[in-house]
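Numbered from 1 within each chain, the chains take letters A, B, ... in sequence-line order.
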There are 2 protein chains.
Amino acid sequence: MARKQGSHSDITGPKVREAALRLIARHGYAAVSMRQIAAEVGVQAGALYNYTPDKQSLLFDLMHDHMSALLAAWSNVDTAGPALLRLQAFTGFHIRFHLPRADQVFVSYMELRNLNPENFAVIESLRHRYEDALEDILRAGEAEGVFAVADTRVTTMAVIAMLTGLSNWYRHDGRLETDVIEAIYWDLVRKAVTA
Amino acid sequence: MARKQGSHSDITGPKVREAALRLIARHGYAAVSMRQIAAEVGVQAGALYNYTPDKQSLLFDLMHDHMSALLAAWSNVDTAGPALLRLQAFTGFHIRFHLPRADQVFVSYMELRNLNPENFAVIESLRHRYEDALEDILRAGEAEGVFAVADTRVTTMAVIAMLTGLSNWYRHDGRLETDVIEAIYWDLVRKAVTA
DNA sequence: GTCTATATACGGATAGAC
DNA sequence: GTCTATCCGTATATAGAC
């Protein structure tokens, strides 16, 4: 199975996306050039256009994949049951999903400005679906009488901001294990919303 | 008091900073050109260099002014007293200070990557001082026995993330008044940390 | 599929006239 | 203090050879 020299589409494609993700997370979309991404991959800039029609699509794909994977993973966790358990599942899921994906989180939350309007609308609707998942749990808990919050939508946004903010300071080589982090945040979330 | 035509340093200076803040908040530092800022102000690009030595200094000044103003304003609020009241004061202060400054908040939290190392260190130390103000309150409350949190530093970061996240979705023409927002968040914060 | 070379536009910053 | 003009570097994206 001789392969023509210089033909590596099966490995170059993923490498382009990995390099773009890492560089954009570190320096920002507008500050990263296609030449930088190419250099990181080990090809010339022109070769990138075999894998993306343009720079904007590269950003959109990174963000879209992240949000799709998030929703797909959550759909495998979400279950019926008491709202308190569902909230605990959401909190733990959010932390475990996001902690190993610092670059994706960073890009998905910081580069919304750099999406064109059509792409922005797509990502926003995915994000909205995720927010709604939490809001549903809070409303269920209020109906059960186990949660009591002043405003359900505001609380939804507040809890997500609190959980997502974790990615801004957590370091894998830090003093705290994931399990401990999870317990600390669950304690805060539970107390904040319970009646 | 005849003034030479075209000489407007007393009004152009502030306008440059306002235009830069607005444009950077909207599009990001790297995506905004000096020519865009100049067009917004109503001058040519070269004229901007009467007010800033370079683009990096413009960004740093915006962030530095914001953080300095934040710490100065907090120093006028912080008082002795029971930790619960101090925490309520912090929560209310944070919201009232940040809500009318959406652009400053956005720039100060999103453009850290675009500061050079020296400038980054300065801004980080200011941010750290603000975080420490909250951490002190939490520790005082634990000593009093009114607060009980699993980890004080993590709780500090979680509370600030929750409060600051408000700026990401709050709209002045939305359904909720500042006072109501403040009450909702105080309810969440209080319950999350009290014993 | 990748390369080199290039079209075309725009970037930050400066010089010198007024 | 602002303007016009410009230096010089880099940007995205494409064309055509291999």
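- As a whole-Å value, the separation of B:H27 NE2 from C:dG11 P is 12 Å.
- In this structure, B:Q44 atom CD and C:dG12 atom C1' are separated by 15 Å, rounded to whole Å.
- Ring geometry for A:H98 versus A:H94: interplanar angle under 30°, hence parallel rather than tilted (30 to 60°).
- If you take CZ of B:R35 and C1' of C:dA13, they are 9 Å apart, rounded to a whole angstrom.
- Put simply, CD1 on B:I24 is 15 Å from C1' on C:dG11, counting in whole angstrom units.
- A close approach under 4.0 Å does not occur between any side-chain nitrogen or oxygen of B:T12 and OP1 or OP2 of D:dG1.
- For the pair A:N50 CG and C:dG1 P, the computed distance is 6 Å after rounding to whole Å.
- Side chain of A:K55, nearest nucleotide from D:dT2, C:dT2, D:dA13: D:dA13.
- For the pair B:Q56/B:Y29, a side-chain contact is recorded, criterion being any heavy-atom separation below 4.5 Å from C-beta on.
- Comparing A:Q36 and A:P53 by the nucleotide of DNA chain D whose heavy atom lies nearest to each, the residue mapping closer to the 5' end is A:Q36.
- Taking atom OH of residue A:Y49 and atom C1' of nucleotide D:dA13, one finds them 5 Å apart after rounding to whole Å.
- Side-chain proximity of A:D54 to the nucleotides D:dA13, D:dT2, C:dC3 is greatest for D:dA13.
- A salt bridge does not link A:E40 with A:K15: every distance from a Lys NZ or Arg NE/NH1/NH2 to an Asp or Glu carboxylate oxygen is 4.0 Å or more.
- Under the 30°/60° scheme for interplanar angles, the aromatic rings of A:H66 and A:F97 are found to be tilted.
- Residue-level contact check: A:V41 touches neither bases nor backbone, having no heavy atom under 4.0 Å from any strand.
- For A:R127 and A:Y109, the positive end sits near the middle of the six-membered ring, less than 6.0 Å away and at most 45° from its axis.
- Note on A:S33: every side-chain N or O is 4.0 Å or more away from OP1 and OP2 of D:dT10.
- Rounding to whole angstrom units, CG of residue B:L48 and P of D:dT2 are separated by 9 Å.
- Across the protein-nucleic acid pair, A:M34 atom CE and D:dT10 atom P stand 18 Å apart, rounded to whole Å.
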